[in-house]
Number of protein chains: 2
Amino acid sequence: MFGGITMKTENPMAEARRTLTLRDVSEASGVSEMTVSRVLRGQGDVSARTREKVKAAAKELGYVPNRIAGSLASSRVNLVAVIIPSMSNMVFPEVMTGISDTLEGSGLQPVVGITNYKMEKEESVLYEMLSWRPSGVILAGLDHTDAARAMLRSAGIPIVEIMDVDGEPTDHAVGISHRRAGLEMARAILREGYQKIGFLGTKMMLDFRARKRFEGFTEELGKAGIEIVDQEFYSGGSALLKGREMTEAMLKRNEEIDFLYYSNDLIGAGGLLYCLEAGIDIPGTLGMAGFNGVELIDGLPRKLATMDACRYEIGQKAAEIILRHGENDEDAAPEKIELTPKIAFGDTLHRR
Amino acid sequence: MFGGITMKTENPMAEARRTLTLRDVSEASGVSEMTVSRVLRGQGDVSARTREKVKAAAKELGYVPNRIAGSLASSRVNLVAVIIPSMSNMVFPEVMTGISDTLEGSGLQPVVGITNYKMEKEESVLYEMLSWRPSGVILAGLDHTDAARAMLRSAGIPIVEIMDVDGEPTDHAVGISHRRAGLEMARAILREGYQKIGFLGTKMMLDFRARKRFEGFTEELGKAGIEIVDQEFYSGGSALLKGREMTEAMLKRNEEIDFLYYSNDLIGAGGLLYCLEAGIDIPGTLGMAGFNGVELIDGLPRKLATMDACRYEIGQKAAEIILRHGENDEDAAPEKIELTPKIAFGDTLHRR
DNA sequence: ACTGCGAGTGTTAGCGCTAACGTAACCTGT
DNA sequence: ACAGGTTACGTTAGCGCTAACACTCGCAGT
């Protein structure tokens, strides 16, 4: 049985609850199913009188249209698949907000799938989502399994790969260059005269964007003849705590270090808190920087330097691309939108 | 046109891409559509030879089944609607994790809808979700519009209201008593001898659970003949920063205050950071407590007292109820599961 | 030989809705 | 008066899939 919208019968003992259909509304209001359908979709010509009658009947019965049948008949689905690695790290919720805000009122609805940074999970989630024939797909990153890539190519709907532009998109792309983000940060750090640099990050075999930032960062340092003095990676647990612990460990290991670059703001914040407690002169003796530009750092005793990842804007622009496709039926030319993140120097990078 | 899975024709110029159906796979593999359907669903008897043949053909073509048609035909939908107020405040992502983990491997898939704490939005999101005829609904809170309540009652599927048990559930409920949580915290605070208590929270007209905590809290204080000395509410912005600012303002306003109760851990953390910087003796001169038990507080210089909201477990138990319904067709008796949050005293509540 | 049975496959009839077209009634202008 | 249009419906034929049943084998039991 459908988990269907059911009908309260006059006599509850007489008949099992049935699932309501257009037919029930049509009988209750004395018009054809087609007219009911037109009223409920607000499409086509229906006289005001009939419209009110039908609406009243539908409301009275508590009818909720069956979009499964509707979509099958009309070959139109008001869903946009959004596939992201995680919901718990502050960056994707904001992307989601950008998407939702932009889609709001368009009739399209985002549906979220989570991959936990696993390409295999991404593949299965994508398969699952495509089986609902969404009007578009927004997914994080440019790195997918071959099977996933094949599905995307042959899906026949707009695909927007977000967050990252360092690579060849399948269709559209909106994001920032993480290589460049790493590079820019390296330059800023060198410009301030820091020399002995440590890196702290997530175990990033699976987080391609963090890896790209790291690569861009080290390469740029390399050009100045500088190598990272120390590095450490964590996984799991409270990011703030890990940042604190890893920072303490690293600074004890390497007394010479004069800058710490963190792969995200949360561990950076943890590190910052540790250093302030330890009485280290920030940014004099030690500079610090994170990545993402999360709201949280505004509330820290000192503002951590960071780089905005343009999260909201990415979601917004991705959704706009999907919407644009809805208007004109033909496939528009693939767009590749590269946003430029700005460094926020905060109180931990600028040496006076 | 469906945003459908399309076919690459041998000659890309010859024919527009068509959307693939079971028929295409059936023709490619030389068996009936029904047999293909059986193979792809792994149901019914199909010989190993045929099975392989069909799977190969499906993979070759890149066929992705159309669940819209499948669900319509079978009256079964593998979706569970999850309706929550927000994704950006750390509490619901963890509930989601509990739900996802539990549903994993069951064939059921959670689909999330966000209400932004607005009942009207909740109503429309619910309508939208029900129109896809999910196998169950999990939604936050017991407070809904009349229309939403009516939809829930007549949906004919298991409904689980989560987070809150202070009230009459529509069907099942899993959560904690927020009144009781407030009450317990009041007791703990009084037990430690604090007397001049300030409250800091979100503007909570819309957050019913925060309000219930506040009510439970003030009532219990009232029994001891104590009234809140000062209170302040915020909305929007960085919670950490707001906590810092509001705390500073309140302490400057009321020098007598000896305890601050925050409606969530993040503003509490902001307040804590401020107090530490200001050199206030915590918890000697001033005690503090938050609510939720978020991971983040592990990384603070001093552990904020808090109360675990059992977020993961709530998600888990809610999903289990839905799964139980899937097994036996009849409606099981409504369950009401009340979890008991535990106070974590941390370093900011226990006076020595 | 015949029935009986289960494994493997095909056939038929929808699921609940909407696109596309049909039709009846009513305008409007000349 | 009548063609030609417009408004307000109804009718028909699917959308792509699966439940339910029908059928065809081959083989065991008698």
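These numbers come from a predicted model, not from an experiment. Just so it is clear: chains get the letters A, B, ... in the order the sequence lines come, proteins before strands, and each one is counted from 1. Excluded from the calculations below are hydrogen atoms, water molecules and symmetry mates; all remaining heavy atoms, backbone and side chain alike, are included.
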What's touching nucleotides 18-20 of chain D from the protein side, N or O pairs under 3.5 Å?
| from | atom 1 | to | atom 2 | distance (Å) |
| --- | --- | --- | --- | --- |
| D/dT18 | OP1 | B/Arg41 | NE | 3.3 |
| D/dT18 | OP2 | B/Ser37 | OG | 2.3 |
| D/dA19 | OP1 | B/Arg76 | NH2 | 2.6 |
| D/dA19 | OP2 | B/Arg41 | NH1 | 3.0 |

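The distance between atom CZ of B/Arg49 and atom P of C/dG8, rounded to the nearest whole Å, is 13 Å. As a whole-Å value, the separation of A/Asn66 CG from C/dG16 P is 7 Å. The distance between atom OH of B/Tyr63 and atom P of D/dC17, rounded to the nearest whole Å, is 3 Å. A straight line from CG of B/Asp45 to P of C/dC5 spans 17 Å, rounded to a whole angstrom. Protein atom CG of B/Leu72 is 12 Å distant from nucleotide atom P of D/dC17, rounded to whole Å. Residue B/Arg23 contributes atom CZ, which lies 10 Å from atom P of D/dC15 at whole-angstrom precision. With rounding to whole Å, A/Arg67 atom CZ is found 12 Å from C/dC17 atom C1'. Per the geometry, CG belonging to B/Leu20 stands 12 Å off C1' belonging to D/dG16, to the nearest Å.
In this model, the phosphate group of C/dT11 is not approached by any side-chain N or O of B/Ser32 to a distance below 4.0 Å at OP1 or OP2.
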* To do: Under the side-chain contact (heavy atoms from CB on, under 4.5 Å) rule, what do A/Ile114 and A/Val125 come out as? Steps first, then yes or no, please.
  => CA-CA 7 Å; A/Ile114 305 292; A/Val125 168; over 6 Å; no
Under the side-chain contact (heavy atoms from CB on, under 4.5 Å) criterion, do B/His144 and B/Glu122 qualify, and how do the steps go?
CA-CA 8 Å; B/His144 319 290; B/Glu122 182 185 69; 2.7 Å; yes
* **Intermediate values then yes/no, side-chain contact (heavy atoms from CB on, under 4.5 Å), B/Trp132 and A/Trp132** => CA-CA 11 Å; B/Trp132 288 101; A/Trp132 288 100; 4.2 Å; yes
**OP:** Give the C-alpha distance, both sets of side-chain angles, the deciding distance and a yes or no for salt bridge (Lys or Arg N to Asp or Glu O under 4.0 Å) between B/Lys317 and B/Glu335.
**Re:** CA-CA 11 Å; B/Lys317 295 231 180 294; B/Glu335 303 179 46; over 6 Å; no
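Open room surrounds CZ on A/Arg23; 12 or fewer heavy atoms of other groups in view lie less than 6.0 Å from it. Residue-environment remark: NZ (A/Lys336) exceeds the threshold of 12 foreign heavy atoms within 6.0 Å.
Distance from the side chain of B/Thr21 is smallest to D/dG16 among C/dG10, D/dG16, C/dG16.
A/Thr102 places no side-chain N or O within 3.5 Å of a backbone atom of A/Ala319 that could act as its donor or acceptor partner.
Both A/Val36 and B/Arg51 lie near DNA chain C, and the one whose nearest nucleotide falls closer to the 5' end is B/Arg51.
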